[in-house]
Peer 1: 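One structure is given below, represented as structure tokens, and several questions about it will come after.
Sequence positions, counted from 1, serve as the residue numbers for this chain.
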Amino acid sequence: MRYFHAGENIEFVLTENQERTYEKHNHVSKYVAGLILNGCAEMGFYDQSHFDKAFHSILGISPKEYVVFLMR
């Protein structure tokens, strides 16, 4: 079990299964982020700002807002 401290008096514990799930999620998130960055470079975006502006002009929201929407 892993203990986490969230603030001054708040503590929570992850079971082994929750910890494995958490670590798998982090691994997948990093992998997907790498794929997205490589894909953006291959499509001709020269930096994150360039991609963000194009994304916003097409969808009307920022990439971060889109991810938050998908996570609901």
Peer 1: How many angstroms lie between atom NZ of Lys30 and atom NE2 of His25, to the nearest 0.5 angstrom?
Peer 2: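 Rounded to the nearest 0.5 Å, the NZ-NE2 separation comes to 11.0 Å.
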Peer 1: Out of curiosity, Lys53 NZ to His56 NE2, how far, rounded to the nearest 0.5 Å?
Peer 2: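 Output value for this atom pair is 12.0 Å.
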Peer 1: Please check this pair: side chain of Glu65 against backbone of Ser62, looking for a donor-acceptor N/O pair closer than 3.5 Å.
Peer 2: yes
Peer 1: Would you give the length of the straight line joining atom NE2 of His50 to atom CE of Met43, rounded to the nearest 0.5 angstrom?
Peer 2: 10.5 Å
Peer 1: Out of curiosity, does Leu35 fall in the hydrophobic cluster containing Phe45 (side-chain heavy atoms, cut-off under 4.5 Å, transitive links)?
Peer 2: no
Peer 1: Would you say CD of Gln48 has more than 12 non-hydrogen atoms from neighbouring residues, nucleotides or ligands within 6.0 angstrom?
Peer 2: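 Not more than 12 within 6.0 Å, no.
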Peer 1: Could you tell me the separation between the CG atom of Leu59 and the CZ atom of Phe69, rounded to the nearest 0.5 Å?
Peer 2: 10.5 Å
Peer 1: Using the rule that two of Ile, Leu, Val, Met, Phe, Trp, Tyr join whenever any of their side-chain heavy atoms come within less than 4.5 Å, decide whether Leu37 and Tyr46 are in one cluster.
Peer 2: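 As far as the 4.5 Å side-chain criterion goes, Tyr46 and Leu37 are not connected within one cluster.
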Peer 1: Could you give the distance from OG1 (Thr21) to CG (Asn26), rounded to the nearest 0.5 Å?
Peer 2: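 So the OG1 of Thr21 and the CG of Asn26 are separated by 11.0 Å.
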Peer 1: Can Val67 be reached from Ile61 by stepping across I, L, V, M, F, W or Y side chains whose heavy atoms are under 4.5 Å apart?
Peer 2: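 No; Val67 is not reachable from Ile61 via cluster members.
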Peer 1: Answer whether the closest heavy-atom distance between the side chains of Phe51 and Pro63 falls below 4.5 Å.
Peer 2: yes
Peer 1: Working to the nearest 0.5 Å, report the span between CD of Glu16 and CZ of Arg20.
Peer 2: 6.5 Å
